[in-house]
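A short worksheet on the structure shown next.
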Amino acid sequence: MKIATWNVNSVRTRLAHVTAWLTASSADVLCLQETKVTDDLFPQAAFAEVGYRSYVYGQKSYNGVALLSRLPLDAVQMGFGAVLPESLVGDLDEQKRVITGVIAGIQVVNLYVPNGSSLDSDKYIYKLRWLKVLREYLQVLLAKSPSLLVCGDFNVALEDIDIHNPKGREKQVMATDAEREALSSVLELGLCDGFRKFTTEGGYFSWWDYRSGAFRRDAGWRIDHHYLTPDLYDRAISCVIDKEPRKLEQPSDHAPVIVEF
DNA sequence: ATGGCAGTACTATACTGA
């Protein structure tokens with residue numbers, strides 16, 4: 001069983017890359033982020049042609065998540081509001097960032113965590129607020145499902161070794177203490193980084209800025225993750241970043257990350 | 001170095017991303 005996460009930065013622009021990658025990788029489930037398309041315009045026919053069902057939760061221009069799966073998913077739910085009361089969710093479901101479904105007893109949660117823009121931004125406050133509600137959301141899911149795989153674009157590098165140059169990271173979005181503490185608090189529910197089961201050293205990245213030849217210089221960040229409950233962590237046999245799609249013409253700025261059981 | 005690059009909506013330039 002292979003489950004992958006990939007921020008594609010527009011599923012329509014990246015359609016050829018994604019269908020080719022699905023065929024080559026034979027992933028069972030692919031979690032997409034930044035689909036940037038409303039559900040009616042999601043290219044599900046193209047994915048059906050290569051053998052995948054689409055479960056979508058999108059919006060115009062921004063954000064948007066989707067699950068692609070070879071087999072039907074059970075209990076697909078969109079947004080925080082599917083499990084949390086309105087009083088906790090507030091306006092957070094206006095941005096489409098959360099979708100979950102069950103495959104082979106594994107509850108897969110696909111997340112697109114807000115970027116946060118910069119430390120003096122309202123978006124940074126929004127990101128921290130979002131991570132607080134994420135903790136509540138996952139707590140409810142964990143009470144019902146012992147096998148949870150929480151993956152996606154977290155827009156947080158938890159350790160300095162996840163950043164090509166961590167100098168000055170305290171003032172950089174994705175690496176501030178407040179963001180790290182907020183994500184750590186989520187993980188304290190009982191989730192472990194699947195990638196770190198197999199790779200303890202630094203220098204492994206999942207995102208490279210389009211600008212300044214960042215990919216050529218391997219000046220990246222590891223911000224796309226698979227967080228696993230202990231049973232799944234034990235069952236994982238590999239977790240890798242596939243840099244190949246990042247080398248193609250007109251790539252996403254993120255690479256897919258794949259965990260296998 | 002406060003740029004640089006890319007996608008979307010719109011149709012020139014603003015907003016967003018990370």
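Residue numbering restarts at 1 for every chain, and letters A, B, ... go by the order of the sequence lines. Since the model is a prediction, treat every value here as computed from it, not as a measurement.
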- Item | Same-atom distance (P) from B:dT2 to B:dT13, integer angstrom | 24 Å
- Task: May I have the step-by-step check of salt bridge (charged side-chain N to carboxylate O under 4.0 Å, His left out) for A:Arg217 and A:Asp209, ending in yes or no?
- Result: CA-CA 11 Å; A:Arg217 296 184 290 114; A:Asp209 201 308; over 6 Å; no
- Message: If you only use heavy atoms from C-beta on, which nucleotide in B:dG4, B:dT16, B:dA18 is closest to the side chain of A:Tyr62?
- Response: B:dT16
- Task: Considering just the side-chain nitrogens and oxygens of A:Arg14, establish if one lies under 4.0 Å of OP1 or OP2 belonging to B:dA6.
- Result: no
- Query: Is any NZ, NE, NH1 or NH2 atom of the basic residue among A:Asp122 and A:Arg129 found under 4.0 Å from an Asp or Glu carboxylate oxygen of the other?
  - Reply: no
- Can you check the A:Gln33 CD to B:dA18 P distance for me, whole Å? 10 Å
- What is the distance, rounded to the nearest whole Å, between atom CG of A:Leu111 and atom P of B:dA18? 14 Å
- Task: Using the C1' atom on both, measure B:dT16 against B:dG4 and round to a whole Å.
- Result: 15 Å
- note: A:Trp221, atom CH2; B:dA18, atom P; distance rounded to Å ~ 12 Å
- Query: B:dG3 phosphate, OP1 or OP2: any side-chain N/O from A:Tyr210 under 4.0 angstrom?
  - Reply: no
- Query: Would you say the side chains of A:Asp153 and A:Trp207 form a donor-acceptor pair under 3.5 Å?
  - Reply: no
- Whole angstrom value for the distance that separates C1' of B:dG17 from CZ of A:Arg97: 10 Å
- Item | Between P of B:dA18 and CZ of A:Phe154, the distance in whole Å | 14 Å
- Query: When we call it a touch if two heavy atoms are under 4.0 Å apart, what does A:Asn115 touch: a base, just sugar-phosphate, or nothing?
  - Reply: base
- Euclidean distance, atom CG of residue A:Asp153 to atom C1' of B:dG7 [Å, nearest integer]: 15 Å
- Query: Checking side-chain contact (heavy atoms from CB on, under 4.5 Å) for the pair A:Thr176/A:Tyr124: CA distance, chi angles, key distance, verdict?
  - Reply: CA-CA 10 Å; A:Thr176 63; A:Tyr124 181 75; 2.7 Å; yes
- Message: Within the 4.0 Å heavy-atom criterion, would you say A:Glu34 contacts the bases, only the backbone, or no part of the nucleic acid?
- Response: sugar-phosphate
- Message: Please classify the nucleic acid contact of A:Asn7 as base, sugar-phosphate, or nothing, using heavy-atom distances under 4.0 Å.
- Response: sugar-phosphate
- Message: Could you tell me how far B:dA1 sits from B:dC15 if I compare only their P atoms? Round to whole Å.
- Response: 27 Å
- Between A:Pro114 and A:Gln250, which is nearer to the 5' end of DNA chain B once each is assigned its nearest nucleotide? A:Gln250
- Message: I want to check one thing: is the phosphate of B:dG17, taken as OP1 and OP2, less than 4.0 Å away from some side-chain N or O of A:His254?
- Response: no
- Query: Do the side-chain N or O atoms of A:Ser61 get closer than 4.0 angstrom to the phosphate oxygens (OP1, OP2) of B:dA9?
  - Reply: yes
- Task: Verify the contact: side-chain N or O of A:Ser10 to OP1 or OP2 of B:dT8, cut-off strictly under 4.0 Å; return yes or no.
- Result: yes
- Message: Show, in sequence, the C-alpha distance, side-chain angles and deciding distance for A:His254 and A:Ile223, and conclude whether the side-chain contact (heavy atoms from CB on, under 4.5 Å) test is met.
- Response: CA-CA 9 Å; A:His254 294 254; A:Ile223 54 176; 3.8 Å; yes
- Task: Check the distance between B:dA6's C1' and A:Asn9's CG and give it to me in whole angstrom.
- Result: 6 Å
- For A:Gln139, enumerate each residue passing the side chain to side chain contact (heavy atoms under 4.5 Å, CB included) test, keeping only those at least two apart in sequence or located in another chain. A:Arg135, A:Glu136, A:Leu189
- Message: In this structure, how many angstroms lie between the P atom of B:dG17 and the CE atom of A:Met174, rounded?
- Response: 12 Å
- Query: Looking only at side-chain N and O atoms, does A:Lys123 come under 4.0 Å of OP1 or OP2 in B:dT16?
  - Reply: yes
- Task: Determine the contact category for A:Phe215: base if any of its heavy atoms lies under 4.0 Å from a base atom, sugar-phosphate if only primed atoms, P, OP1 or OP2 are that close, otherwise nothing.
- Result: nothing
